[in-house]
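Okay, structure first, notes after.
Owing to the predicted nature of the structure, the values given are computational and were not obtained by experimental measurement. Every heavy atom of this structure was used, including side-chain atoms; hydrogens, water molecules and symmetry mates were not. Chain letters run A, B, ... following the sequence lines, proteins first and then strands; every chain starts at 1.
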Protein chains: 2
Amino acid sequence: MPARLSEVAALAGVHPATASRALNEATRNKVSADTVLKVRRAAEQLNYSPNPAARSLVTNRTSTVGVIIGDLTVPLFPPLLRGVDDVTSAAGYTALIVNTDNDWSRELARIAALQARRVDGLIVATATSGDQADPRIWSSVAPTVFVVRAPADPLAPTVLSDDSMGVHLAVEHLVAQGHRRIAHVAGPPEISTATARLRAYREALFERGIEVDPALVTTMDSISADAGTEALGRLLDSGAGVTAVLAFNDIVAYGCYRAVRQRGLRCPEDISIVGYSDMNGADLVAPPLTTVHVDHQAMGAEAARMLLGMLSDPGARPPHSVRLPVSLTVRESTAPPRQGVPR
Amino acid sequence: MPARLSEVAALAGVHPATASRALNEATRNKVSADTVLKVRRAAEQLNYSPNPAARSLVTNRTSTVGVIIGDLTVPLFPPLLRGVDDVTSAAGYTALIVNTDNDWSRELARIAALQARRVDGLIVATATSGDQADPRIWSSVAPTVFVVRAPADPLAPTVLSDDSMGVHLAVEHLVAQGHRRIAHVAGPPEISTATARLRAYREALFERGIEVDPALVTTMDSISADAGTEALGRLLDSGAGVTAVLAFNDIVAYGCYRAVRQRGLRCPEDISIVGYSDMNGADLVAPPLTTVHVDHQAMGAEAARMLLGMLSDPGARPPHSVRLPVSLTVRESTAPPRQGVPR
DNA sequence: CTGTTAGCGCATTCAC
DNA sequence: GTGAATGCGCTAACAG
């Protein structure tokens with residue numbers, strides 16, 4: 001059992017209230033420099049750490065924030081959590097991480113649990129713009145920042161990555177290599193990033209004077225390697241003459257690898273493939289995947305900073321949403337198209 | 001701001017203490033069934049949830065457990081956390097997850113933070129048997145259970161998977177396909193699982209009457225795909241005539257894929273490769289990896305159950321450590337060896 | 001079975 | 001600048 005404040009005060013020869021003032025950043029100036037020193041020394045000697053329950057009871061704040069994610073095993077979340085954790089823990093906050101399994105009823109239950117824990121704020125990585133869910137479901141619990149996924153309310157504080165930029169970089173790279181028949185394996189329209197990337201894909205081609213052929217786009221019902229295999233397989237078999245593919249994300253790109261192999265084609269010699277996210281392991285597959293690199297750790301950190309800002313100044317109006325830049329990591333899944341008749 | 005107990009009591013027409021008794025599982029029997037009903041109805045109507053800080057202050061417990069892991073991006077941890085979370089949250093506990101980045105000073109800092117938070121227990125997934133670290137560093141903070149890694153103290157409550165079983169399954173599979181020259185790319189001896197798997201590898205070969213040739217074992221300094229590429233590369237170039245490889249884990253197996261490809265060989269036609277862990281994505285690489293499947297979620301769940309057991313009965317002596325069984329997932333990276341002269 | 005009383009450890013009044 | 005008093009919301013010990 002750790003030391004109590006009263007013990008520290010006794011050792012320092014002051015009243016507990018004075019010790020409290022000396023130890024707390026905000027009230028330290030109301031105490032003489034001399035006593036501050038004495039109290040700190042005593043606290044150190046006794047290895048004092050304030051009882052968060054007692055403090056919380058009087059301050060009505062817990063110094064905890066809830067982080068809601070869909071599925072921890074999706075590789076984008078660990079770095080994101082790392083980013084969140086870095087800034088929250090540096091500020092004396094503890095992150096309570098909650099896995100919803102992408103199940104809405106489970107999410108509601110976990111939100112309730114976080115509310116019961118009296119979290120000071122929420123970082124939500126599960127909202128989707130197509131979602132029926134009202135952002136107030138989260139905001140009613142505590143101040144919240146959305147990350148990775150866009151919430152239905154466009155004014156809610158949100159940290160996204162620049163999907164448009166990423167797609168433009170990818171398309172630019174492929175075009176620079178001579179590709180003109182660039183397919184897109186798109187995600188389901190309920191996912192906000194899926195529609196954003198699809199739109200950017202069209203834009204990017206258009207801007208470069210390349211025909212935007214609807215036959216080059218397939219939309220998956222769900223996001224998985226299998227769905228990618230199936231989707232690209234259809235495209236390949238349709239005789240649309242594709243030489244390059246922009247996949248919705250890396251997992252889908254892996255599925256595209258499979259579709260290519262199944263038809264006796266080779267990547268990148270016959271078909272170039274670009275992924276999205278640069279998830280853990282994208283450098284280990286064969287061929288190593290060219291992909292849009294998203295700095296999820298930075299996104300988590302930014303979301304946390306934004307949230308802590310809101311908590312430190314509850315009166316201020318909510319911060320502006322931000323969209324972080326991305327980069328292109330060129331590996332070995334892209335190459336110039338074969339000469340001659342494209343298939 | 002949620003309702004307080006006193007408000008619930010007022011609405012139910014009883015004293016707050018009675019309301020408390022009615023709401024708490026353990027003391028419910030000290031209250032008439034009738035009042036229990038009234039109180040519950042009132043609580044529900046006011047959407048009451050107890051203030052954990054207030055409760056914690058008097059019970060001296062927080063209903064939180066700390067979970068210490070090295071690096072969230074290592075794919076074994078997410079399912080493990082999922083297992084922990086499933087059982088802790090069902091029991092009304094909240095898991096505080098901490099990332100040490102495999103850095104000892106950082107780990108000490110995070111342990112201190114968990115202690116400051118007054119966690120009731122600890123689940124530690126970073127200990128290694130070769131570690132200089134005394135298990136008391138953790139145990140002095142709170143009751144602790146070790147998982148995945150064996151702590152220096154063999155008597156400390158620990159949940160491991162059966163490395164011996166896994167290796168035996170893998171070797172058995174390879175031998176059944178006709179392999180006799182089976183290499184092992186081993187992890188560094190500081191890692192307890194590395195030595196366990198190496199020992200089991202020797203045992204398994206010996207038991208099947210196959211020569212245990214030291215030339216078929218390479219030990220890596222660190223665990224990475226690159227280290228695997230380099231290690232297997234040496235073995236392949238040494239002319240030891242290997243037809244199959246058991247890699248320390250899946251990541252290393254991916255490195256082995258690369259070594260094989262670099263030499264113009266093919267897996268599984270020329271060299272069979274078996275991984276270990278069955279991490280997320282092992283079915284997506286080419287060829288899909290045959291690997292020992294470890295149920296990390298089950299391990300996390302078991303560790304959590306063990307810890308909660310210790311917390312519910314502090315007097316009892318610590319539970320016995322367990323070693324969970326594993327299975328072999330056969331995919332396409334293994335096949336019978338080529339006929340004729342092995343290289 | 002229920003009400004009364006007390007106190008967990010701390011921050012924050014209000015006096016001095 | 002410092003000490004004294006108060007109360008955050010809850011459970012536990014003691015009466016009745």
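- Phosphate proximity of C/dG3 to B/Thr18: present, with a side-chain N or O under 4.0 Å from OP1 or OP2.
- Heavy atoms of A/Ser56 sit nowhere under 4.0 angstrom from any nucleic acid atom.
- Within the 4.0 angstrom heavy-atom criterion, only backbone atoms of the sugar-phosphate kind lie near B/Ser32; the bases stay farther away.
- A salt bridge links B/Glu302 with B/Arg305: the closest approach of a Lys/Arg side-chain nitrogen to an acidic carboxylate oxygen falls below 4.0 angstrom.
- Annotation: of the two residues near DNA chain C, B/Ala54 and B/Val14, the 5′-most nearest-nucleotide partner is B/Val14.
- The pair B/Glu25-B/Arg28 meets the salt-bridge criterion, since a charged nitrogen lies less than 4.0 angstrom from a carboxylate oxygen.
- Using a 4.0 Å heavy-atom cutoff across all strands shown, A/Pro16 reaches no nucleic acid atom at all.
- Rounding to whole angstrom units, CZ of residue A/Arg4 and P of C/dG7 are separated by 13 Å.
- Residue A/Asn24 places at least one side-chain N or O under 4.0 Å from the OP1 or OP2 atom of C/dA11.
- The distance from atom CG of B/Leu23 to atom P of C/dC1 is 17 Å, rounded to the nearest whole Å.
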Stepwise side-chain hydrogen bond (donor to acceptor under 3.5 Å, both in side chains) test for B/Arg118 and A/Ser49 | CA-CA 10 Å; B/Arg118 310 295 200 265; A/Ser49 81; 2.8 Å; yes
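- Whole-Å rounding puts the A/Leu5 CG to C/dA11 P distance at 6 Å.
- Here C/dA11 presents its C1' atom at 13 Å from CG of B/Leu57, a figure rounded to the nearest Å.
- Regarding B/His15, its NE2 atom lies at a distance of 8 Å from the P atom of C/dT5, rounded to whole Å.
- Using modelled atom types and a 3.5 Å distance limit, the side chains of B/Arg117 and A/Thr94 yield a donor-acceptor pair.
- With contacts defined as side-chain heavy-atom distances shorter than 4.5 Å, the pair B/Leu307/B/Val65 qualifies.
- For the pair B/Pro50 and B/Arg21, nearest-nucleotide mapping onto DNA chain D gives the more 5' position to B/Pro50.
- In this structure, B/Asn60 reaches neither bases nor backbone, as no heavy-atom distance under 4.0 Å exists between it and the strands shown.
- Salt-bridge annotation for A/Asp101 and B/Arg82: present, with a side-chain N of the basic residue lying under 4.0 Å from a carboxylate O of the acidic one.
- Atom CZ in A/Arg55 sits roughly 16 Å away from atom C1' in C/dC8 (whole-Å rounding).
- What separates NZ of A/Lys30 from C1' of C/dC16 is a distance of 14 Å, to the nearest Å.
- Once you apply a 4.0 Å limit to the heavy atoms of chain A, the touched nucleotides of DNA chain D run 5' to 3' over D/dG1 to D/dG9.
- Between C/dT2 and B/Thr35, a contact under 4.0 Å exists linking OP1 or OP2 to a side-chain N or O.
- Salt-bridge formation is detected for the pair B/Glu7/B/Arg4: a Lys NZ or Arg NE/NH1/NH2 atom is positioned less than 4.0 Å from an Asp or Glu carboxylate oxygen.
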